[in-house]
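Structure, as structure tokens:
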Amino acid sequence: MKGFEQTMALVKKYDLNIAYGTDFLFDPASNGAQASQLVRFGKWLSNAKML
């Protein structure tokens, strides 16, 4: 988690674009995990920026 936070701080500082991909889409049992991972981005990115 520390590495993720450091990376996101740099993304925000330098206004970098990032891409996020996952293969959870076709595994309904993992949908909750995917949603909780996306929530982490909310600390650094607005909803519009996330889209």
Measuring only between side-chain heavy atoms, which start at C-beta, is Lys49 closer than 4.5 Å to Asn17? yes

Euclidean distance, Ile18 CD1 relative to Thr7 OG1, rounded to 0.5 Å: 9.0 Å

Shortest non-hydrogen pair, Trp44 vs Met8, comes out as CD2-CB, 3.4 Å

Taking it one step at a time, do Arg40 and Glu5 satisfy salt bridge (charged side-chain N to carboxylate O under 4.0 Å, His left out)? CA-CA 9 Å; Arg40 293 180 189 159; Glu5 293 206 11; over 6 Å; no

Spacing of NZ belonging to Lys12 relative to NZ belonging to Lys43, to within rounding of 0.5 Å: 11.5 Å

Does one hydrophobic cluster hold both Leu45 and Val39, with members joined at side-chain heavy-atom distances below 4.5 Å? no

